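We name chains A, B, ... by the order of the sequence lines, and we start the count at 1 in each one. Below, all heavy atoms of this structure are taken into account, side chains as well, without hydrogens, waters or symmetry copies. The model shown is predicted, which means the values in this text are computed figures rather than measured ones.
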There are 2 protein chains.
Amino acid sequence: MSAGFPGPGEASKADLVHRQLKEEIELGELAPGTPLSELWLVERTGASRTPVREALRRLAAEGLVDLVPRQGARVSRVSLQSVRDLFDFRSLLEPAAIRQATEAATTDAELRRAFTAMRSEFARTVRRAPSQARSRSFYELADRFDWAIIGATRNEHLRRTIAELRPHTARLRNLSHVDPQRVEVSVAEHLRMCDALLAGDADAAATAMAEHLTQSLATIFRNLAHGPAEGLDLLG
Amino acid sequence: MSAGFPGPGEASKADLVHRQLKEEIELGELAPGTPLSELWLVERTGASRTPVREALRRLAAEGLVDLVPRQGARVSRVSLQSVRDLFDFRSLLEPAAIRQATEAATTDAELRRAFTAMRSEFARTVRRAPSQARSRSFYELADRFDWAIIGATRNEHLRRTIAELRPHTARLRNLSHVDPQRVEVSVAEHLRMCDALLAGDADAAATAMAEHLTQSLATIFRNLAHGPAEGLDLLG
DNA sequence: TGTATACAGGTTGTATACAGTAGCCGCAGC
DNA sequence: GCTGCGGCTACTGTATACAACCTGTATACA
């Protein structure tokens with residue numbers, strides 16, 4: 001294996017390692033606290049230390065990895081406080097984002113159509129028989145919805161910051177147990193957001209988003225109180 | 001110069017290069033658009049390519065450097081749109097931060113004393129004879145004030161995000177001409193923020209911060225209309 | 001004259017060798 | 001038995017060598 005050739009528009013090895021690790025952390029396959037030695041990652045990914053290092057540094061900047069200067073890297077831990085902080089912060093950013101998306105949708109017909117389509121899908125979701133498949137398809141749809149909001153956010157800083165928070169949210173979902181009851185309520189919340197957005201009512205959209213986030217956090221905390229979370233530190 | 005020895009608690013070479021470049025970009029010594037070849041930085045800093053690379057990647061993540069995959073790095077450019085985006089984003093974050101700081105100051109006597117002291121300093125500043133020295137000391141004080149707010153912000157994400165925006169703001173100030181008239185008004189705005197904060201009135205503090213940011217942006221735009229900015233792209 | 005191609009220089013992406021340190025284990029001493 | 005110390009191993013931080021790529025220029029050709 002010779003050196004240096006990430007094709008024309010292709011991704012560099014650092015990109016690949018970064019993406020792979022990010023996904024594994026997000027899915028919970030790499031549990032919080034798992035040590036990430038550079039040499040181990042070299043064996044695991046086939047890349048050399050240089051790209052592995054770069055990937056680790058990037059993940060550390062995103063908060064997915066804790067990097068202790070002369071000691072090594074570990075998958076970042078999740079504390080109760082960090083969950084609170086995450087949702088408080090999202091509650092600040094995402095209502096503002098959906099405001100911008102609402103305004104964008106009033107002028108951009110393409111965008112408007114995309115949200116209309118998603119609204120129909122949400123409505124269909126709620127009618128399906130309750131099952132794991134329903135949960136999964138709902139979360140995929142909700143993900144598309146969130147990314148649509150992000151994409152419609154005009155402010156560069158806001159867009160990038162929200163995008164950077166998403167892996168944390170996703171990881172949290174994958175680390176905790178899915179609450180089937182929650183899905184039903186969450187569908188309703190998404191319908192409210194869609195309706196407000198399509199009606200061009202930015203205030204209502206922002207309120208719906210804030211409410212959605214509040215409910216999501218409440219559900220997480222409730223579930224943590226019941227079933228103990230695997231992979232979550234309850235220290236904070 | 002042998003390899004590998006960043007003492008016990010000392011900073012690594014990557015840290016040093018990162019800090020140095022960050023400061024130079026912030027001060028405008030490295031103008032927007034300046035190409036940053038790794039080899040050139042190697043000569044300039046005395047470090048080898050590895051730490052230089054890491055520093056560049058970090059700066060890119062902070063938005064201070066634009067990194068084109070196989071082409072190189074340049075000091076990031078500043079467009080009118082980016083200035084607007086920056087201040088819009090700050091207007092979302094910093095009022096929330098000063099809210100948290102206000103609440104923190106009601107319970108933390110130490111913090112309270114620090115803000116009281118700064119309030120006095122602001123009051124003294126306005127009485128000094130108008131001069132460059134006055135401007136400089138004011139901006140230093142304002143910087144300390146901002147950092148105090150950041151330090152008092154409880155939410156980790158909010159704190160880190162605001163801190164990451166500061167170099168952008170500072171650079172903007174250093175790239176544009178200082179408006180002596182602005183200083184006087186800005187002192188008043190800071191006094192209002194201090195008073196609200198010390199009175200424990202989070203709403204008033206947030207409002208004062210929002211107003212301060214609005215006025216700052218307006219001043220920048222006014223000055224751009226008058227004197228043409230050096231180092232600023234007016235493309236956006 | 002205009003276009004396409006080949007070449008050269010410089011730059012990044014990657015791999016790997018080396019230097020120094022932190023943590024760990026076993027052992028001696030109290 | 002417990003504590004302090006010495007050596008060892010594994011790891012990170014750094015330097016450097018090599019390979020591929022991109023840009024711009026000069027040249028050949030229509």
Side-chain angles (χ1 to χ4, degrees), chain A residues 1-22 25 30 33-77, chain B residues 1-22 25 30-77:
Chain A
M1 203 172 282
S2 51
F5 48 93
E10 292 172 34
S12 68
K13 292 215 173 187
D15 287 334
L16 294 175
V17 174
H18 170 74
R19 185 155 36 181
Q20 180 186 336
L21 283 179
K22 187 161 160 180
I25 293 174
L30 288 172
T34 306
L36 299 174
S37 143
E38 294 178 1
L39 238 59
W40 182 63
L41 293 173
V42 164
E43 289 179 16
R44 220 164 157 280
T45 62
S48 79
R49 273 189 67 205
T50 310
V52 164
R53 250 180 106 73
E54 184 178 326
L56 280 178
R57 296 324 219 268
R58 248 190 268 178
L59 291 167
E62 297 170 51
L64 291 172
V65 154
D66 288 336
L67 209 48
V68 184
R70 286 205 153 276
Q71 192 163 342
R74 315 177 82 87
V75 178
S76 72
R77 296 182 179 279
Chain B
M1 201 172 282
S2 51
F5 49 93
E10 291 171 35
S12 68
K13 293 214 170 184
D15 287 333
L16 295 175
V17 174
H18 170 73
R19 185 155 36 183
Q20 180 187 335
L21 284 178
K22 188 162 159 181
I25 293 174
L30 288 172
T34 306
L36 299 174
S37 141
E38 294 178 1
L39 236 58
W40 182 63
L41 292 174
V42 163
E43 289 178 17
R44 220 166 157 276
T45 62
S48 78
R49 273 188 68 204
T50 310
V52 164
R53 250 179 106 73
E54 185 177 327
L56 280 179
R57 295 327 219 266
R58 247 189 269 179
L59 291 168
E62 296 171 52
L64 292 172
V65 154
D66 288 336
L67 208 48
V68 184
R70 286 207 155 272
Q71 192 164 341
R74 315 176 85 85
V75 178
S76 72
R77 296 180 179 282

Just verifying a value: how many Å separate B/Ser12 OG and B/His18 NE2, rounded to the nearest 0.5 Å?
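With rounding to 0.5 Å, OG (B/Ser12) is 10.0 Å from NE2 (B/His18).
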How many angstroms lie between CD in B/Glu62 and NZ in B/Lys22, if you round to the nearest 0.5 Å?
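Taking CD in B/Glu62 and NZ in B/Lys22, the distance rounds to 4.5 Å.
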Distance in angstrom units between [X] [atom1] and [N] [atom2], rounded:
X       : N      : atom1 : atom2 : value
B/Arg53 : D/dA15 : CZ    : C1'   : 14 Å
B/Glu54 : D/dT16 : CD    : P     : 17 Å
B/Leu41 : D/dT16 : CG    : P     : 16 Å
B/Lys13 : D/dT14 : NZ    : P     : 7 Å
B/Trp40 : C/dT12 : CH2   : C1'   : 17 Å
A/Leu16 : C/dT14 : CG    : C1'   : 13 Å

Is A/Arg70 side chain donor-acceptor paired with the C/dG23 base, going by distance under 3.5 Å alone?
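Check fails, no donor-acceptor contact within cut-off.
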Would you indicate which nucleotide in [options] comes nearest to any side-chain atom of [X]?
X       : options                : value
A/Leu39 : C/dT14, D/dA15, D/dC11 : D/dC11
A/Ser12 : D/dA15, C/dT14, D/dG13 : C/dT14
B/Arg49 : C/dG23, D/dC18, C/dA15 : D/dC18
A/Ser48 : C/dT14, D/dT14, C/dT11 : C/dT14

Given that A/Ala47 and B/Glu38 both sit by DNA chain C, which one's nearest nucleotide is further toward the 5' end?
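Going by which nucleotide is closer to the 5' end, it is B/Glu38.
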Give B/Ser37 one of three labels, base, sugar-phosphate or nothing, depending on what nucleic acid heavy atoms sit under 4.0 Å from its own.
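The residue B/Ser37 makes sugar-phosphate contact but no base contact.
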What is the nucleic acid contact for A/Arg74, judged by heavy atoms within less than 4.0 Å: base, sugar-phosphate only, or nothing?
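No contact at all - A/Arg74 keeps every heavy atom at 4.0 Å or more from the nucleic acid.
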Derivation of the side-chain contact (heavy atoms from CB on, under 4.5 Å) call for A/Arg53 and A/Glu38
CA-CA 7 Å; A/Arg53 250 180 106 73; A/Glu38 294 178 1; 2.8 Å; yes
Is any side-chain nitrogen or oxygen of B/Gln71 closer than 4.0 Å to OP1 or OP2 of D/dT23?
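Yes, such a contact exists.
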Would A/Leu56 and A/Leu41 count as a side-chain contact (heavy atoms from CB on, under 4.5 Å) here? Give the steps.
CA-CA 10 Å; A/Leu56 280 178; A/Leu41 293 173; 3.9 Å; yes
Across all strands, who's sitting opposite C/dG29 as a Watson-Crick or G-U wobble pair, both distances under 3.5 Å?
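Pairing partner: D/dC2.
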Base-pairing assignment for D/dG13 (Watson-Crick or G-U wobble, both under 3.5 Å):
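Base partner found: C/dC18.
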Which sits closer to the 5' end of DNA chain D, A/Thr50 or A/Ala73, going by the nucleotide each is nearest to?
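Result of the comparison: A/Ala73.
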Give the C-alpha distance, both sets of side-chain angles, the deciding distance and a yes or no for side-chain contact (heavy atoms from CB on, under 4.5 Å) between B/Gln20 and B/Arg44.
CA-CA 11 Å; B/Gln20 180 187 335; B/Arg44 220 166 157 276; 3.7 Å; yes
